[in-house]
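Note that the structure is a prediction, hence the values are computed from the model and not measured. Side chains are part of it too, since the values below use all heavy atoms of this structure and drop only hydrogens, waters and symmetry mates.
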Amino acid sequence: MPAVPDSARTRAQRLRQELHQHGHRYHVLDDPVISDGEYDRLFQELADLEALYPSLVVPESPTQRVGGGPVAGFAEVRHSVPMLSLENAFTNDDVSGFVKRAMERAGGESPIEFSAEPKLDGVAISILYEKGLLKQAATRGDGSVGEDVTHNVRTIPTVPLRIDGRGFPDRLEVRGEICMPRAGFVELNRRAAESGEKSFVNPRNAAAGSLRQLDPRITAKRPLEIFIYGVGEVSRGPLAATHIGVLESLRKLGFRVNPLVEAVNGLEGCLAYFGKVARLREELPYDIDGVVYKVNDLALQGRMGFIARAPRWAVAHKFPAEEQITTVEAIEFQVGRTGAITPVARLAPVFVGGVTVSNATLHNMDELHRKDVRVGDAVIIRRAGDVIPEIAGIIRERRPPGTRVVKLPSRCPVCNSPVVKEEGEAVARCSGGVVCSAQRKEYLRHFASRRAMDIEGLGEKLIEQLVDKEMVSSPADLYALSPTDLAGLDRMGEKSAENLLAAIAASRSTTLPRFLYALGIRDVGEATALALSGHFGDIDGLHGAGEEALQEIPDVGPVVAARVAEFFRNPHNRQVVKNLLAAGITWPRQAAAGESDGPLAGETVVVTGTLTGLSRDEAHDRIRAAGGKVASSVSKNTTILVAGESAGSKLKKARDLNIAILSEEEFLKRSRLRSAEE
Ligand code: JCF
């Protein structure tokens, strides 16, 4: 081995220190002071030096995150201080009980202080530092004995290999949660799907699976992060007198602590925090399943002690579950408005994400086969936020014997026409067209839907009857319905018939984008309808538009252009449009692209909070009719925020960015069209 010159030794040490600091700034503090390129250059210089003089390599070098090769298996690690779980609280009463017990123990009437933090949905981890160097990392296991995953935890950029600062204990065991941010999870699954590998059910499983790799080079490629929430073994006295004090010390030593940790007072403080985090939940980059409250005073914690495996001084206040397990009772096939045949799983009903779910779409045969869902399978149902429930995955271990792979039917379950699946298309379709009553029904449903013509009260059951009794076969027929027509229908009283006819009549006055969307042109969603409307300004131009002209519109590609041109060439469709216009459908004339001169021309407007006089959709229509652009989130491109009642984070952000904020009333004034309405 070559002798190491002093200059190389000093330089290597210097580089390690700088890389360590820049890495910490980048990953933990989120506040880099050098560019990625500069970081890479320093890193390469150190790697080159170490290659030249291998004796310069130390385990805490930033080049050594992926240390050796694969390990043979996971060794057992006995936790010197047991790793506890948390007692759950599901209701405010549960939390109140916890707060009362803490107050009794404190021996006072006055509210006591808690630390509050989001509860990460990840994998619990313990990391031991000896004399400031990362020595060992272990999973919780059963709380007493876990698995040694040091080789993998070392690869996580937010885990320091070395502690910074001074005065830290010789042996310091920190505890935290390793998680995979949702964005990284989606990307990981996208890549897995591309290369035909198995995907993960949720970010937590992906994080757990990544930590259980024998080869750290695989773990290093997974987007894992850590948040530290406490300590285990500490060789010398406590780090502080309060839990939040401990977290502060850990933060100063270079550990990543959740920035949302907060001191709160009494039950009221806890519940207010819970509400705040629940509202933030969707915007957080990682999954959480509740919040954790801990008695802040460590002396009081000591007096409260433990029950079985959980501390009495902490509780996890859980959100209603977003995932549940249920069984698939049947897989049926539905026919959509364009004939698309969609497999749908009928489920044993489960309560998940705040609603009872008994159906979940499987989208298409490829998706069904990729997830390999079969009748009888136990499946994980997920419904997060306002999202449509989905089958996240199956639990293969629970598959009963004798299940069979689901096959695409060769004939339409509704009209018995042959089912066709074009080469390269994911979707199979019923070839029956207007012959198929399912397609007619779906078409009407789409036409009447809230974001299309918005005919309130014209639901599935009514459309069933109207089509089955051959009272309506094309959308224009709706506008010819009379009270006597409706009188014969099931569950249709005089009053509801009146309301329905009024809703149908009211839908005559609409907007061009809504009308174009309502026509149900294949691959023309709301955004495309809006683009077409903006470009042509009226429907006449669309009739003769060729594919090339259509492709000049931003966001309209060759497929959509072909669909639109084809739609308006088809005599049947032209007749449908003609009949609808003859039935009295109108919209305010709108400026075409480039000549927009409405009162909101040039503005990018976000609507937030609850409006009292108009719906969110109506507000958006109004913005567009006034020449403005609608955006869904506040950014530096936003020029106006319309803030309704109980506006939250968007309002705050708009204030921070100095964006003009309008009340509902001010908005109505600003967006008033000169000639039309009012
Ligand atoms: O974020 C978590 N999942 C989390 C788990 C946070 C905590 O403060 C915890 C925990 C498990 C045990 N604290 C304890 C004592």
Chemist: Do any N or O atoms from the side chain of Thr638 and from the backbone of Ser635 form a donor-acceptor pair under 3.5 angstrom?
Modeler: yes

Chemist: For Leu133, is there any backbone N or O sitting under 3.5 Å from a side-chain donor or acceptor partner on Glu60?
Modeler: no

Chemist: Looking at Ile34 and Leu42, what are the two nearest heavy atoms and their distance?
Modeler: CD1-CD1, 4.2 Å

Chemist: Before giving the answer on side chain to side chain contact (heavy atoms under 4.5 Å, CB included), spell out for Arg370 and Glu367 the whole-Å C-alpha distance, their side-chain angles and the decisive distance to 0.1 Å.
Modeler: CA-CA 5 Å; Arg370 195 172 59 70; Glu367 173 92 354; 3.4 Å; yes

Chemist: Which distance, rounded to the nearest 0.5 Å, do you find between the CZ of Arg212 and the CD1 of Ile218?
Modeler: 13.5 Å

Chemist: Would Arg101 and Glu104 count as a salt bridge (Lys or Arg N to Asp or Glu O under 4.0 Å) if you check the C-alpha gap in whole Å, the side-chain angles of each, and the deciding distance to 0.1 Å?
Modeler: CA-CA 5 Å; Arg101 287 191 295 277; Glu104 275 161 22; over 6 Å; no

Chemist: Under 3.5 Å, which donor-acceptor pairs link side chains of residues 72-79 to any protein atom two or more places apart or in another chain?
Modeler:
| unit_1 | atom_1 | unit_2 | atom_2 | d |
| --- | --- | --- | --- | --- |
| His79 | NE2 | Thr139 | O | 3.0 |
| His79 | NE2 | Arg140 | O | 3.3 |

Chemist: Is the closest side-chain donor-acceptor distance between Ser126 and Glu173 under 3.5 Å?
Modeler: yes

Chemist: Do Leu120 and Asn258 touch side chain to side chain, with heavy atoms closer than 4.5 Å?
Modeler: yes

Chemist: Where do Val315 and Ala89 come nearest, in terms of heavy atoms and distance?
Modeler: CG2-CB, 3.8 Å

Chemist: Checking side chain to side chain donor-acceptor pair (under 3.5 Å) against Asp287, which of Arg204, Arg182, Lys119 comes through?
Modeler: Arg182

Chemist: Would a 4.5 Å heavy-atom cut-off, applied to side chains only, mark Leu300 and Trp313 as touching?
Modeler: no

Chemist: Quick check: are there more than 12 heavy atoms from other residues, nucleotides or ligands sitting under 6.0 Å from OH of Tyr26?
Modeler: no

Chemist: Let me confirm one number: the CD-CZ distance from Glu233 to Arg175, rounded to the nearest 0.5 Å.
Modeler: 9.0 Å

Chemist: Do the side chain of Arg309 and the main chain of Asp142 share a donor and acceptor less than 3.5 angstrom apart?
Modeler: yes

Chemist: Taking only Lys NZ, Arg NE, NH1 and NH2, and the carboxylate oxygens of Asp or Glu, determine whether Lys135 and Glu130 approach each other closer than 4.0 Å.
Modeler: yes

Chemist: Could you tell me if the side chain of Ile244 sits less than 4.5 Å from the side chain of Glu113, heavy atoms only?
Modeler: no

Chemist: Between His151 and Val71, what is the shortest heavy-atom contact and its length?
Modeler: NE2-CG2, 3.5 Å

Chemist: Counting only N and O atoms by type, is there a donor-acceptor contact under 3.5 Å from the side chain of Thr150 to the main-chain atoms of Ala137?
Modeler: yes

Chemist: Does a side-chain N-to-carboxylate-O contact under 4.0 Å join Glu322 and Arg382?
Modeler: no

Chemist: Between Leu161 and Arg65, does the side chain to side chain contact (heavy atoms under 4.5 Å, CB included) criterion hold? Intermediate values first, please.
Modeler: CA-CA 8 Å; Leu161 297 178; Arg65 284 207 175 260; 3.8 Å; yes

Chemist: Lys653 versus Lys650: any side-chain heavy-atom pair under 4.5 Å?
Modeler: no

Chemist: Any heavy-atom pair between the side chains of Pro118 and Phe227 that's under 4.5 Å?
Modeler: no

Chemist: Does CD belonging to Glu282 count more than 12 external heavy atoms closer than 6.0 Å?
Modeler: no

Chemist: Specify the closest pair of heavy atoms between Ser632 and Val606, including all atoms of both residues, with the distance to one decimal.
Modeler: O-CG1, 4.0 Å

Chemist: Can you check side chain to side chain contact (heavy atoms under 4.5 Å, CB included) on Asn152 and Ser210, steps first, answer last?
Modeler: CA-CA 8 Å; Asn152 289 334; Ser210 302; over 6 Å; no

Chemist: Which heavy atom of Pro111 sits nearest to which heavy atom of Asn265, and what is that distance?
Modeler: O-OD1, 4.4 Å

Chemist: Backbone N or O of His243 within a donor-acceptor pair of the Asn296 side chain at under 3.5 Å?
Modeler: yes

Chemist: CD1/Ile226 to CD1/Ile127 distance, rounded to the nearest 0.5 angstrom?
Modeler: 3.5 Å

Chemist: Which one of Val350, Ile381, Asp121, Asn202 satisfies the side-chain contact (heavy atoms from CB on, under 4.5 Å) criterion with Glu323?
Modeler: Asn202

Chemist: Rounded to the nearest 0.5 Å, what's the gap from CG on Leu641 to CD1 on Ile659? Could you check?
Modeler: 7.0 Å

Chemist: Has Arg154 got a side-chain atom pairing as donor or acceptor with Gln64's backbone, closer than 3.5 angstrom?
Modeler: yes

Chemist: Would you say the side-chain atoms of Ser249 pair up with the backbone N or O of Gly245, donor to acceptor, closer than 3.5 Å?
Modeler: yes

Chemist: Hey, is CD on Glu187 packed in by over 12 heavy atoms from elsewhere, all under 6.0 Å?
Modeler: yes

Chemist: Between Asp372 and Arg399, does any side-chain N to carboxylate O distance fall below 4.0 Å?
Modeler: yes

Chemist: Has Glu50 got a side-chain atom pairing as donor or acceptor with Thr63's backbone, closer than 3.5 angstrom?
Modeler: no

Chemist: Kindly compute the distance separating CD (Gln324) from CD1 (Ile380), expressed to the nearest 0.5 Å.
Modeler: 10.5 Å

Chemist: Evaluate whether atom CD1 of Ile388 has more than 12 neighbouring non-hydrogen atoms of other residues, nucleotides or ligands under 6.0 angstrom away.
Modeler: no

Chemist: Can you tell me if Glu197 has over 12 outside heavy atoms packed within less than 6.0 Å of its CD?
Modeler: yes

Chemist: State, with a plain yes or no, whether a side-chain heavy atom of Glu18 is found less than 4.5 Å away from one of Arg14.
Modeler: yes

Chemist: Looking at every non-hydrogen atom in both residues, tell me the closest pair between Ala220 and Val66 and how far apart they are.
Modeler: CB-CG2, 3.6 Å

Chemist: Are Pro203 and Tyr286 side-chain neighbours, meaning at least one heavy-atom pair lies under 4.5 Å?
Modeler: no

Chemist: To the nearest 0.5 Å, how far apart are CD1 in Ile228 and CZ in Arg256?
Modeler: 10.0 Å

Chemist: Evaluate Tyr293 against Tyr273 for ring-ring contact (aromatic ring centres under 6.0 Å, His included), listing each step before the verdict.
Modeler: CA-CA 10 Å; Tyr293 314 121; Tyr273 183 84; 7.1 Å; no

Chemist: Could Arg190 and Glu194 be called an ion pair, given the rule that one side-chain N must be under 4.0 Å from one carboxylate O?
Modeler: yes

Chemist: Determine whether a donor-acceptor pair (N or O, by modelled atom type, separation under 3.5 Å) exists between the side chain of Arg383 and the backbone of Val352.
Modeler: no

Chemist: Passes side chain to side chain contact (heavy atoms under 4.5 Å, CB included), Arg281 versus Ile288? Steps please.
Modeler: CA-CA 7 Å; Arg281 185 179 188 186; Ile288 61 174; 4.0 Å; yes

Chemist: If we ignore hydrogens and angles and just use 3.5 Å, is the side chain of Gln301 paired with the main-chain N or O of Val295 as donor and acceptor?
Modeler: yes

Chemist: Return yes when atom CZ of Arg303 has more than 12 non-hydrogen atoms of other residues, nucleotides or ligands closer than 6.0 Å, and no otherwise.
Modeler: yes

Chemist: Below 4.5 Å, heavy atoms only, C-beta onward: do Pro311 and Glu87 meet side chain to side chain?
Modeler: no

Chemist: Determine the interplanar angle of the His317 and Phe274 rings, folded into 0 to 90°, and report it as parallel if under 30°, tilted if 30 to 60°, perpendicular if over 60°.
Modeler: parallel

Chemist: Can you tell me if Asp94 and Thr91 form a side-chain donor-acceptor pair at under 3.5 Å?
Modeler: yes

